[in-house]
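Sequence positions, counted from 1, serve as the residue numbers for this chain.
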Amino acid sequence: MTNLKRRSGSWTFWQLTSLVALVSLLTGCGINNIPTYDEQVKSAWSQVENQYQRRADLVPNLVETVKGFAAQEQETLTAVIEARSKATSIQVDESILNNPQKLQQFQQAQGELTSALSRLMAVSERYPDLKSNQNFLALQSQLEGTENRIAVARRDFIQAVERYNTEIRTFPGRIWHSLLYDDMELRENFEATTENAEDAPQVEF
């Protein structure tokens, strides 16, 4: 009986040792890479959302400031307001990452807002008082900074999606995907919807 207990205890020890070794081996082989990279994609997307929201928050003050000096530019002002409304009307959350059509609609709406803002900023060239207004200059500086942040956030998102998709399609990630993560699909990435859409608007005063 004593020998049997010893053998049982010994076998349990080796089972635990083998289990630890197996877990270490699997971890080293990248078994957790796919969910880890997926979370990085979601985190990067949150930063994209955050920066686009920051830009949308600047628009009302910018429009009101321009209106105070150039109310006759109603067509341009209306275009900006409508573009902002369209861009913010699209419900954005993590689910959009699994909906290529909705992601494209989001990109197009943001591109239209970028274009409308560029036209609005160009209006200032015709109004010297507006160009020198401190409030306008502060908003213009914030907008430029936000556009740069958007560019960085989009770049980080693109890189995160590329890393995730590459992991799924290459060895050994492809094996883990087929065995454990077959419900996790390839992610759609950003695509330029207009010429030079990846560049922040150039606003010169």
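- Few gaps surround CD on Gln74; more than 12 heavy atoms of other groups in view lie less than 6.0 Å from it.
- With rounding to the nearest 0.5 angstrom, the OG1 atom of Thr36 is 11.5 Å from the OH atom of Tyr164.
- Between the Ser115 side chain and the Gly111 main chain, no donor and acceptor come within less than 3.5 Å of each other.
- Minimum interatomic distance between Met121 and Leu62 (heavy atoms only, all atoms of both residues): SD-CD2, 3.8 Å.
- At most 12 non-hydrogen atoms from other residues, nucleotides or ligands lie less than 6.0 angstrom from CD of Glu185.
- Within the 3.5 Å criterion, the main-chain N or O of Leu137 finds no donor-acceptor partner in the side chain of Ser141.
- Thr78 places no side-chain N or O within 3.5 Å of a backbone atom of Glu75 that could act as its donor or acceptor partner.
- Shown here for Asp183 and Leu180, the closest heavy-atom pair between the two residues is OD1-O, 4.4 Å.
- Note that CG of Leu103 is 10.5 Å distant from OG of Ser95, once rounded to the nearest 0.5 Å.
- The closest side-chain heavy-atom distance from Leu113 to Arg55 is below 4.5 Å.
- More than 12 heavy atoms of other residues, nucleotides or ligands sit less than 6.0 Å from atom CZ of Arg155.
- Donor-acceptor pairing under 3.5 Å is lacking for the side chains of Arg174 and Ser178.
- A distance of 5.0 Å separates CD in Glu94 from NZ in Lys42, rounded to the nearest 0.5 Å.
- Nearest heavy atom pair, residue Ala109 against residue Ile90, reads CB-CD1, 3.8 Å.
- In this structure, the side chains of Tyr181 and Asn33 stay at 4.5 Å or more apart for every pair of heavy atoms.
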Checklist entry - For Leu130 and Thr65, what are the C-alpha separation, side-chain angles and deciding distance, and is it a side-chain contact (heavy atoms from CB on, under 4.5 Å)? => result CA-CA 8 Å; Leu130 174 59; Thr65 300; 4.3 Å; yes
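- Counted by atom type alone, Gln72 and Tyr127 present one or more donor-acceptor pairs between their side chains at under 3.5 Å.
- At a threshold of 4.5 Å between non-hydrogen side-chain atoms, the residues Thr166 and Glu162 count as touching.
- Rounding to the nearest 0.5 Å gives a distance of 11.0 Å between CG of Asn135 and CD of Glu64.
- When Leu58, Val63, Leu117, Val59 are each tested for a side chain to side chain contact (heavy atoms under 4.5 Å, CB included) with Arg84, only one passes: Val59.
- Phe157 places none of its side-chain heavy atoms less than 4.5 Å from the side chain of Val152.
- In this structure, Lys102 and Gln91 have side chains that are in contact, with non-hydrogen atoms separated by less than 4.5 Å.
- Of the N and O atoms on the side chains of Glu144 and Gln140, at least one donor lies less than 3.5 Å from an acceptor on the other residue.
- Counting heavy atoms from C-beta on, the side chains of Leu139 and Leu143 never come closer than 4.5 Å.
- Ring centroids of Tyr52 and Trp45 are separated by 6.0 Å or more, keeping the two rings apart.
- Of all non-hydrogen atoms in Val161 and Glu188, the two that sit nearest each other are CG1-O, 4.0 Å.
- Inspection of the Asn98 and Arg187 side chains reveals an N or O donor paired with an N or O acceptor under 3.5 Å.
- In plain terms, the two heavy atoms of Thr88 and Ala56 that are nearest each other are CG2-CB, 3.8 Å.
- A donor-acceptor distance shorter than 3.5 angstrom exists from the side chain of Ser89 to the backbone of Lys86, with no hydrogens or angles considered.
- Between Gln47 and Asn50 there is a side-chain heavy-atom pair separated by less than 4.5 Å.
- Side-chain contact check for Gln101 versus Gln105: some heavy-atom pair is nearer than 4.5 Å.
- A salt bridge links Glu73 with Arg126: at least one charged nitrogen is closer than 4.0 Å to a carboxylate oxygen.
- Taking all atoms of both residues into account, the shortest heavy-atom contact from Tyr37 to Arg163 is CE2-CD, 3.5 Å.
- Remark: Gln110 CD to Gln107 CD distance equals 9.5 Å, nearest 0.5 Å.
- In this structure, the side chain of Asn165 does not engage the main chain of Leu186 through any donor-acceptor pair within 3.5 Å.
- With His177 contributing its side chain and Ile34 its backbone, the two residues share no donor-acceptor pair below 3.5 Å.
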